[in-house]
Amino acid sequence: MNTNNDTSKNSPKKIALITGGSRGLGKNTSIHLARRGVDVIFTYRSKQAEADSVVSEIAQLGGKAVALQLDVGNSKTFAGFTEQVGAALQTHWHRNSFDYLVNNAGTGIYASFAETTEAQFDEMMNIHLKGSFFLTQSLLPLIADGGRIVNLSSGLARFSSPGYAAYAAMKGAVEVLTRYLAMELGVRGIAVNTVAPGAIATDFGGGAVRDNPQVNANIAAQTALGRVGLPDDIGGVIGSLLSEDNRWINGQRIEASGGVHL
């Protein structure tokens with residue numbers, strides 16, 4: 001695959017596609033990459049105003065961003081979405097490929113194993129596992145040779161906390177998928193890794209880590225660095241992992257948790 005499709009005389013800017021880029025860790029990653037000179041295509045599920053705000057923020061940093069609507073839990077839409085990505089690449093960058101894919105979009109549930117419903121299980125599977133699997137598959141022809149993929153997991157795939165069985169099981173599967181992708185895509189020079197955040201102060205899961213002082217304090221007490229994570233702690237890790245400095249890291253799980261439950 002020819003990756004140099006920009007019509008300018010200079011080398012084309014790197015382009016990242018980030019799912020769930022309008023809020024939380026996805027937004028932070030989008031901003032971090034923009035500061036590194038990477039342009040961004042990101043998805044949002046329903047809140048277009050939030051997405052437009054991120055596009056404007058990236059423009060103020062001198063970058064270019066395109067926001068596309070996508071429900072990662074609905075794999076039937078992936079073919080049409082891939083066509084939208086291809087059209088955006090041609091329209092805004094005069095290219096037919098992008099360089100980095102970050103499978104970030106997700107949501108969580110809190111329910112004991114005994115009380116988890118089949119509907120909740122299916123939701124977690126469709127968003128975190130099936131979504132990452134088949135969206136990556138659909139986008140694969142548009143990912144440049146020598147590109148990078150980062151899949152988001154969770155510290156909960158390493159340690160156990162009651163109430164997260166379904167969510168953590170899907171993240172564990174994502175980590176296995178990462179290794180298989182790294183093996184199968186290596187022939188194209190595409191490196192694939194997992195970033196596993198610890199508890200982060202965002203609106204994820206109802207914002208308990210951010211907004212509940214007791215939850216926040218309990219997690220901080222179990223973390224070597226003595227606090228919960230912030231979005232800036234993760235966006236920078238993902239940005240660094242996508243850079244050429246880390247081109248030889250492949251098939252790995254990188255936990256960014258401040259040393260929780262060591």
Side-chain angles (χ1 to χ4, degrees), residues 1 3-6 10-44 50-51 53-70 72 78 81-82 84-106 131-132 135-152 178 181-182 185 188-195 197 231-232 234-247 249-250 254 256:
M1 181 183 293
T3 64
N4 190 0
N5 302 301
D6 198 302
N10 298 321
S11 298
K13 291 187 71 173
K14 298 294 186 182
I15 304 168
L17 194 159
I18 303 169
T19 63
S22 63
R23 46 177 286 275
L25 300 185
K27 174 183 176 180
N28 192 271
T29 300
S30 298
I31 299 302
H32 267 277
L33 288 175
R35 288 172 178 158
R36 291 171 177 261
V38 177
D39 286 341
V40 177
I41 299 171
F42 68 89
T43 74
Y44 66 97
E50 288 185 354
S53 176
V54 176
V55 170
S56 297
E57 190 169 349
I58 289 174
Q60 291 172 6
L61 293 170
K64 185 184 296 182
V66 173
L68 299 176
Q69 194 279 330
L70 178 69
V72 297
F78 291 171
F81 173 75
T82 299
Q84 285 185 288
V85 172
L89 288 168
Q90 287 288 343
T91 299
H92 297 279
W93 291 277
H94 307 293
R95 287 184 53 179
N96 59 24
S97 66
F98 63 92
D99 304 282
Y100 309 135
L101 172 61
V102 181
N103 285 308
N104 163 78
S132 295
L135 182 60
T136 301
Q137 184 186 81
S138 183
L139 291 169
L140 199 55
L142 300 182
I143 301 176
D145 290 353
R148 306 279 189 275
I149 299 173
V150 170
N151 297 320
L152 269 289
T178 292
L181 288 175
L185 302 184
R188 290 181 51 193
I190 297 173
V192 189
N193 292 288
T194 299
V195 170
D232 266 347
I234 307 302
V237 172
I238 296 172
S240 176
L241 195 56
L242 293 173
S243 73
E244 282 299 304
D245 288 342
N246 289 312
R247 63 185 177 274
I249 298 176
N250 193 24
I254 309 298

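- Looking only at side-chain heavy atoms (C-beta outward), Leu89 and Ile41 come within less than 4.5 Å of each other.
- Of all heavy-atom pairs between Ser97 and Ile15, the closest is O-CD1, 4.2 Å.
- Proximity of Thr29 to Phe42: side-chain heavy atoms (C-beta onward) are nowhere separated by under 4.5 Å.
- With Ile190 as reference, Leu185 is the one residue of Leu101, Leu185, Asp99, Leu181 to meet the side chain to side chain contact (heavy atoms under 4.5 Å, CB included) rule.
- Within the 3.5 Å criterion, the main-chain N or O of Gly20 finds a donor-acceptor partner in the side chain of Asn104.
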Kindly list each side-chain donor-acceptor pair under 3.5 angstrom involving residues 53-62, sequence neighbours excluded, with atom names and distances?
| residue | atom | partner | partner atom | Å |
| --- | --- | --- | --- | --- |
| Ser56 | OG | Asp52 | O | 3.1 |

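- Looking at Val237 and Ser240, their side chains never come closer than 4.5 Å, going by heavy atoms from C-beta outward.
- Using a 4.5 Å heavy-atom threshold, the side chains of Val38 and His32 count as separate.
- Counting heavy atoms from C-beta on, the side chains of Ile143 and Leu140 come closer than 4.5 Å.
- For Asp39, the side chain to side chain donor-acceptor pair (under 3.5 Å) test picks out Lys13, Trp93, with sequence neighbours left out.
- The backbone N or O of Glu244 lies less than 3.5 Å from a partner atom in the side chain of Arg247, making a donor-acceptor pair.
- Looking only at side-chain heavy atoms (C-beta outward), Phe98 and Leu142 come within less than 4.5 Å of each other.
- What you find for Gly189 and Arg148 is that their closest heavy atoms are O-NH1, 4.3 Å.
- Here the straight-line distance linking atom CG of Leu17 with atom OG1 of Thr136 works out to 10.0 Å at 0.5 Å rounding.
- Contact check for Ile249 versus Leu241: side-chain heavy atoms found under the 4.5 Å cut-off.
- Between Leu152 and Val150, the closest side-chain pair of non-hydrogen atoms falls below 4.5 Å.
- Between Asn250 and Ala182, the shortest heavy-atom distance links the atoms OD1-CB, 3.4 Å.
- Side-chain atoms of Thr43 do not come within 3.5 Å of backbone N or O of Leu68 as any donor-acceptor pair.
- How far CD of Gln84 is from CD of Gln69: 8.0 Å, rounded to the nearest 0.5 Å.
- Taking each heavy atom of Asn28 and Gly236 in turn, the nearest pair found is OD1-N, 4.4 Å.
- The minimum heavy-atom distance linking Thr178 with Val192 is given by the pair CG2-O, 3.6 Å.
- In plain terms, the two heavy atoms of Gly131 and Phe78 that are nearest each other are O-CE1, 3.7 Å.
- The only option from Leu25, Val40, Ile238 that meets the side chain to side chain contact (heavy atoms under 4.5 Å, CB included) definition with Ser30 turns out to be Val40.
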